[in-house]
Amino acid sequence: SIRYGQALPDAARESGDVPVMSSGGETGQHDRPNTLAPAIVIGRKGSHGSVHWVANPSFVIDTAYSVDARDTDVDLRWLYYVLVDARLSELSNDVGVPGLSREVALETPVPAPPPLEEQRRIAAILDKAQEIKALGDKAEKLSEIADRSLFLHFFGEQPGSNEITL
């Protein structure tokens, strides 16, 4: 099952270190959570269908849904990858402001969960793949910077050149 987030206007937020999560990701801090840790946050309005992993207890606001250990018996990390693969952002059924209804989210076909140990094994493999991808992305950025630095070293600044930022 998935839970609706709760309204929490900026003015009602209390100083704290609990991340406030919306459909677009972290949007501030609060003093108390409304999820257990870890949790999956699914965009409902705005960035509908977005899927975020939150390792710590968080406060999910009303533009999103959440799933934590109270809502399922499957491995949450495995479920996170299943939901990312489900492409929920393509399932908007609202006219005007795009959104993901709870009913549509719950009716979305997903693979039957394998045994718990297999879920954990799959999630660990996908986590490692994400780490490798992040390292590759970082290496590509560093290569661009090195290429630019070498060019500037040998040829100097050229008119109309663009800077590369990380």
Side-chain angles (χ1 to χ4, degrees), residues 1-94 96-138 141 165-166:
S1 112
I2 59 177
R3 296 172 187 262
Y4 283 97
Q6 299 171 326
L8 184 65
D10 289 344
R13 296 180 188 180
E14 299 291 334
S15 180
D17 60 356
V18 174
V20 174
M21 299 297 295
S22 72
S23 62
E26 188 172 336
T27 61
Q29 304 285 309
H30 191 48
D31 66 337
R32 64 182 169 81
N34 63 359
T35 71
L36 301 176
I40 301 168
V41 177
I42 304 163
R44 184 175 77 84
K45 296 286 183 186
S47 298
H48 69 282
S50 61
V51 182
H52 306 277
W53 177 258
V54 186
N56 300 312
S58 61
F59 192 102
V60 177
I61 63 171
D62 55 0
T63 63
Y65 304 111
S66 67
V67 179
D68 64 31
R70 298 171 291 187
D71 306 308
T72 183
D73 292 329
V74 302
D75 180 81
L76 285 169
R77 196 68 180 161
W78 176 83
L79 181 59
Y80 165 78
Y81 286 115
V82 167
L83 293 174
V84 167
D85 187 59
R87 298 183 177 157
L88 298 172
S89 62
E90 298 173 6
L91 302 177
S92 176
N93 63 340
D94 292 346
V97 178
L100 177 66
S101 76
R102 187 172 187 268
E103 294 74 27
V104 168
L106 290 172
E107 292 171 1
T108 301
V110 295
L116 192 57
E117 284 307 312
E118 182 70 4
Q119 293 173 37
R120 290 179 179 143
R121 188 182 75 75
I122 292 168
I125 291 168
L126 294 172
D127 282 344
K128 187 56 75 178
Q130 288 297 314
E131 289 175 26
I132 292 167
K133 181 184 180 306
L135 287 172
D137 292 346
K138 185 175 181 179
K141 292 265 187 203
T165 58
L166 288 177

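This chain uses plain numbering: 1 for the first residue, then up along the sequence. Note that the coordinates shown come from a computational prediction; the quantities given were computed from them, not determined experimentally.
- In this structure, Ser23 contributes its side chain and Ser47 its backbone to a donor-acceptor pair below 3.5 Å.
- Distance CZ/Arg32 to OG/Ser58: 12.5 Å, rounded to 0.5 Å.
- The CG atom of Leu83 lies 10.0 Å from the CG atom of Leu76; values are rounded to the nearest 0.5 Å.
- Under the side chain to side chain contact (heavy atoms under 4.5 Å, CB included) rule, Ile61 has a single partner from Asn34, Leu8, Val41, which is Leu8.
- Under a 4.0 Å N-O distance rule, the pair Lys133/Asp137 qualifies as a salt bridge.
- Residues Asp68 and Leu36 share a closest heavy-atom pair of OD2-N, 2.9 Å.
- Between the NE2 atom of His52 and the OG atom of Ser66 there is a distance of 12.5 Å, given to the nearest 0.5 Å.
- The two residues Ser15 and Asp31 make their nearest non-hydrogen contact at O-CB, 3.4 Å.
- The main-chain N or O of Ser89 is found under 3.5 Å from a side-chain atom of His48 such that the two form a donor-acceptor pair.
- Taking all atoms of both residues into account, the shortest heavy-atom contact from Arg3 to Arg70 is NH2-CB, 3.1 Å.
- Annotation for His30 and Arg13: closest pair ND1-CA, 3.4 Å, computed over non-hydrogen atoms.
- Under 4.0 Å is where a charged nitrogen must lie from a carboxylate oxygen, and between Arg77 and Asp75 no such pair does.
- For the pairing with Val84, the side chain to side chain contact (heavy atoms under 4.5 Å, CB included) check across Val51, Leu126, Ile40, Leu79 returns one residue only, Val51.
- Contact detail for Pro19 and Glu26: the closest heavy-atom pair is CB-CD, 3.7 Å.
- In terms of heavy atoms, Ser22 sits closest to Ala64 at C-CB, 4.0 Å.
- Between Tyr4 and Arg44, some side-chain heavy-atom pair lies under the 4.5 Å cut-off.
- Judged by distance alone, with hydrogens and angles left aside, the side-chain atoms of Tyr65 form a donor-acceptor pair with the main-chain N or O of Leu100 at under 3.5 Å.
- The distance from the CZ atom of Arg120 to the CG atom of Asp127 is 13.0 Å, given to the nearest 0.5 Å.
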